[in-house]
Enquirer: 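A single structure is presented below for examination.
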Number of protein chains: 2
Amino acid sequence: MIIHEDELEKRLGLFQKALRDRGIKLTHQRLEIFREIASRIDHPDAEAVYRSVKTRLPTVSLDTVYRTLHLLMDLGLIGTLGDRFTSTRFDPNLKPHHHFLCVRCGLARDFESSELDNLDLPEAAEGFGKVIDNNVVVRGICNDCMRAAETVKPR
Amino acid sequence: MIIHEDELEKRLGLFQKALRDRGIKLTHQRLEIFREIASRIDHPDAEAVYRSVKTRLPTVSLDTVYRTLHLLMDLGLIGTLGDRFTSTRFDPNLKPHHHFLCVRCGLARDFESSELDNLDLPEAAEGFGKVIDNNVVVRGICNDCMRAAETVKPR
DNA sequence: TCCTAAATAAGAATAGTTCTTATTATTGAA
DNA sequence: TTCAATAATAAGAACTATTCTTATTTAGGA
């Protein structure tokens, strides 16, 4: 759960600068929430962040944790594990395959590739456990969204 | 949204056989729900499947759609788009990286690899739109879960 | 055809997340 | 440092996706 001290310092610096640059207030809550997420390598959910921060700031609310995590996402200071959809999307394709995913509209399409099915994984990856398979998610802007972006010129 | 007629037939065959082999009843609802998910390439969520099936079976319930989709998952006849967690998990790592994910306990760990950052993608993938980046998810059983499986022998 | 277990519809319940509102705190200005 | 304006917070209501409960219906074997 621990990252290097100097990596944490670097992340905290980025965070404080991002807030200052945009005139966003630096509250105790935001600092503690950022410190918590930035120092962990286990990809906690909002509830887990809330539980930890609560030991230091007993009156913090879960809502503030959510708002702050979303703020951090908007600022590009954190991301999520996997692409998030509001609901589960199902996939009837039983063959090994990978996905193209439009980050704008959520369009998802399958494609096959035996090269990608059989990637040579770095030792680091293999070291975490016994590998079953791997899935490549290609993120992009789909053709429709590209066309829409070209058509509607900003005024 | 359309797949080949013979691919659909093949999927329907697998489905009916899987139910028969296990003595699971073939209901109208199950057949229509499977037909719907099996014939689409757009990875719909339960609500979208429900809306379509409802036009043919007006009395079907959303709950039945959920139960059936989960049954199909348990039977290995469908999967989901991306690995699903009950809640959103956050990631403070801003460097390009990939993930190891334990399918048993949900442990997630980062690893870096410039090779994987710069994969040579098949034309099929590039054809869907403008690519931004790609993320590799390595699915497996983490070391802790492997040890647990070895320690607790089945009786 | 009849019987029985399994499956369904309907609606209540739950989990995760977001919204509303009254209160509090940050930050720039005096 | 104090003050004022405005943003941010806590609390709880509300909302969305999903699952559970229960009375009713149905598939499939005898």
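Remember, predicted model here, so these are calculated numbers, not experimental data. Letters A, B, ... are given to chains in the order of the sequence lines, protein chains preceding strands, and every chain is numbered from 1.
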Enquirer: Could you state the atom-to-atom distance from CG of A:Leu31 to P of C:dT26 in whole Å?
Expert: 11 Å
Enquirer: Let me confirm one number: the CG-NZ distance from A:Leu62 to A:Lys54, rounded to the nearest 0.5 Å.
Expert: 9.0 Å
Enquirer: What is the distance from CG of B:Leu69 to P of C:dA7, rounded to the nearest Å?
Expert: 15 Å
Enquirer: Can you find a donor-acceptor pair, distance only, under 3.5 Å between A:Lys25 side chain and C:dA25 base?
Expert: no
Enquirer: Is the shortest side-chain N/O distance from B:Gln29 to OP1 or OP2 of C:dA9 below 4.0 Å?
Expert: yes
Enquirer: Rounded to the nearest Å, what distance is computed from the CG atom of residue B:Asp74 to the P atom of nucleotide C:dA6?
Expert: 16 Å
Enquirer: For residues B:Leu72 and A:Phe90, determine if any side-chain heavy atom of one lies less than 4.5 Å from a side-chain heavy atom of the other.
Expert: no
Enquirer: Measure from the side chain of B:Ser87, starting at C-beta and using heavy atoms only, and say which of C:dG16, D:dA27, D:dA7 lies closest.
Expert: C:dG16
Enquirer: Let me know the distance between CZ of B:Arg22 and C1' of D:dG29, rounded to the nearest Å.
Expert: 20 Å
Enquirer: Nearest of D:dA11, C:dT17, D:dT9 to any side-chain atom of A:Asp63?
Expert: D:dA11
Enquirer: Rounded to whole Å, please give me the gap between CZ in B:Arg84 and C1' in D:dT19.
Expert: 16 Å
Enquirer: Please determine whether a side-chain nitrogen or oxygen atom of A:Thr64 lies at a distance below 4.0 Å from atom OP1 or OP2 of D:dA8.
Expert: no
Enquirer: Which part of the nucleic acid does B:Leu62 contact within heavy-atom distance under 4.0 Å: base, sugar-phosphate only, or nothing?
Expert: base
Enquirer: With DNA chain C as reference, determine whether A:Ala46 or B:Gly23 sits nearer its 5' end, using the nearest nucleotide of each.
Expert: B:Gly23
Enquirer: Whole-Å distance between C:dT27 C1' and A:Arg20 CZ?
Expert: 13 Å
Enquirer: Taking A:Val49 as the starting point, is it possible to reach A:Leu75 by hopping between hydrophobic residues whose side chains are less than 4.5 Å apart?
Expert: yes
Enquirer: If you check every side-chain atom of B:Thr86, which of C:dT27, C:dG16, C:dA9 has the closest atom?
Expert: C:dG16
Enquirer: To the nearest Å, give me how far apart CZ (A:Phe85) and C1' (D:dT18) are.
Expert: 18 Å
Enquirer: Reckon A:Thr88 has a side-chain N or O less than 4.0 Å from the OP1 or OP2 of D:dT18?
Expert: yes
Enquirer: If only side-chain N and O atoms of B:Tyr66 are considered, is one of them under 4.0 Å from the OP1 or OP2 phosphate oxygen of D:dT18?
Expert: yes
Enquirer: Select one nucleotide: of D:dG28, C:dA7, C:dT27, the one nearest the side-chain heavy atoms of A:Leu26.
Expert: C:dT27
Enquirer: Taking only side-chain N and O atoms of A:Arg30, does any of them lie within less than 4.0 angstrom of OP1 or OP2 on D:dT9?
Expert: yes
Enquirer: Would you say the side chain of B:Glu126 lies within less than 4.5 Å of the side chain of B:Val131, judging by non-hydrogen atoms?
Expert: yes
Enquirer: Is a side-chain N or O of A:Asn135 found less than 3.5 angstrom from the main chain of B:Leu81, in a donor-acceptor match?
Expert: no
Enquirer: Strictly below 4.0 Å, N to O, side chains only: are A:Glu150 and A:Arg147 in salt-bridge contact?
Expert: no
Enquirer: Considering just the side-chain nitrogens and oxygens of A:Arg67, establish if one lies under 4.0 Å of OP1 or OP2 belonging to C:dT18.
Expert: no
Enquirer: Does C:dT8 have its OP1 or OP2 closer than 4.0 Å to a side-chain nitrogen or oxygen of B:Thr59?
Expert: no
Enquirer: Which one, D:dT26, D:dA10, D:dT19, comes nearest to the side chain of B:His70?
Expert: D:dT19
Enquirer: Starting at atom CG of B:Leu72, determine the distance to atom P of C:dA7, rounded to an integer number of angstrom.
Expert: 13 Å
